Amino acid sequence: MLVSTATTAEPEFDANQLALLLAHEEVLSDRGPHGLPLSETTDPRADPAIRGGWRYEANKSPRFDYAAQAIAHAQDAYYKAYPDEPRGGHGWYARRVDA
C-alpha cells in the first residue's frame with residue numbers, strides 16, 4: 001500500500017502584516033548613525049546657509065553610552081591580541097548582562 005502526504009505551509013505573514021514590515025524596513029534603511037532620516041539630513045535645504053530650509057542642532061553635552069564603551073574596550077583588546085587582523089567588516093555588538 002502506497003501512502004502519500006502533502007504538506008502545505010501557511011504564510012507567516014498576511015498581506016497587511018507584510019506591507020507593514022516592508023514599510024518599516026524602508027524607514028529603517030533611510031536612518032543615519034544619528035537616528036535621523038538621511039533623506040532629510042542630506043537634503044540641500046538642510047544647509048544652514050540656505051534661507052527657508054531647516055538646520056540641525058546637536059546636544060550640548062553627550063550622554064554616556066555604556067554599551068558603546070564596552071564595544072570600544074572589546075575592540076581594543078581584540079586588535080591588541082590580533083594586530084595583523086584587518087579592521088574593516090567586523091560587526092561588534094553589546095548585550096545586557098545582569099550583574
Side-chain angles (χ1 to χ4, degrees):
M1 175 194 287
L2 180 62
V3 177
S4 66
T5 60
T7 303
T8 305
E10 292 189 23
E12 190 170 349
F13 303 103
D14 64 25
N16 187 45
Q17 291 170 324
L18 183 58
L20 288 171
L21 180 63
L22 292 173
H24 179 69
E25 287 297 320
E26 186 174 337
V27 167
L28 290 181
S29 71
D30 188 41
R31 294 284 176 214
H34 36 59
L36 300 169
L38 289 170
S39 57
E40 291 181 10
T41 61
T42 59
D43 189 302
R45 295 172 294 174
D47 184 344
I50 296 177
R51 290 185 53 147
W54 60 86
R55 64 186 177 88
Y56 291 93
E57 291 182 350
N59 52 318
K60 303 299 182 210
S61 60
R63 288 191 283 175
F64 197 85
D65 186 335
Y66 294 100
Q69 180 189 43
I71 290 170
H73 288 310
Q75 290 171 328
D76 291 344
Y78 181 83
Y79 294 122
K80 185 175 181 181
Y82 304 99
D84 296 330
E85 184 74 18
R87 293 183 180 237
H90 291 142
W92 295 90
Y93 64 93
R95 67 180 181 282
R96 178 180 166 166
V97 179
D98 292 331

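Residue numbers start at 1 and run along the sequence shown. Please read all numbers here as calculations on a predicted model, not as lab measurements.
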Looking at every non-hydrogen atom in both residues, tell me the closest pair between Asp30 and Ser39 and how far apart they are. OD2-OG, 2.7 Å
Could you state the interatomic distance from CD (Gln75) to NE2 (His90), rounded to the nearest 0.5 Å? 10.0 Å
Taking every heavy atom of Thr41 against every heavy atom of Ala46, the minimum-distance pair comes out as O-CB, 4.1 Å
List, one per line, each side-chain donor-acceptor pair under 3.5 Å for residues 53-62, sequence neighbours excluded.
residue: Trp54; atom: NE1; partner: Tyr56; partner atom: OH; Å: 3.3
residue: Arg55; atom: NH1; partner: Glu57; partner atom: OE2; Å: 3.2
residue: Arg55; atom: NH2; partner: Glu57; partner atom: OE2; Å: 3.1
residue: Asn59; atom: ND2; partner: Ser61; partner atom: O; Å: 2.6

Which Ile, Leu, Val, Met, Phe, Trp or Tyr residues join Leu28 in one cluster when any pair of side-chain heavy atoms under 4.5 Å counts as a link? none
Who passes salt bridge (charged side-chain N to carboxylate O under 4.0 Å, His left out) against Asp43, sequence neighbours left out? Arg45
Taking only residues two or more places apart in sequence or in another chain, which ones pass ring-ring contact (aromatic ring centres under 6.0 Å, His included) with Tyr93? none
Residues clustering with Tyr79 (ILVMFWY side chains joined when closer than 4.5 Å, directly or via others): Ile71, Tyr78, Tyr82, Trp92
Would you give me the side-chain donor-acceptor pairs under 3.5 Å for residues 19-26, sequence neighbours excluded?
none

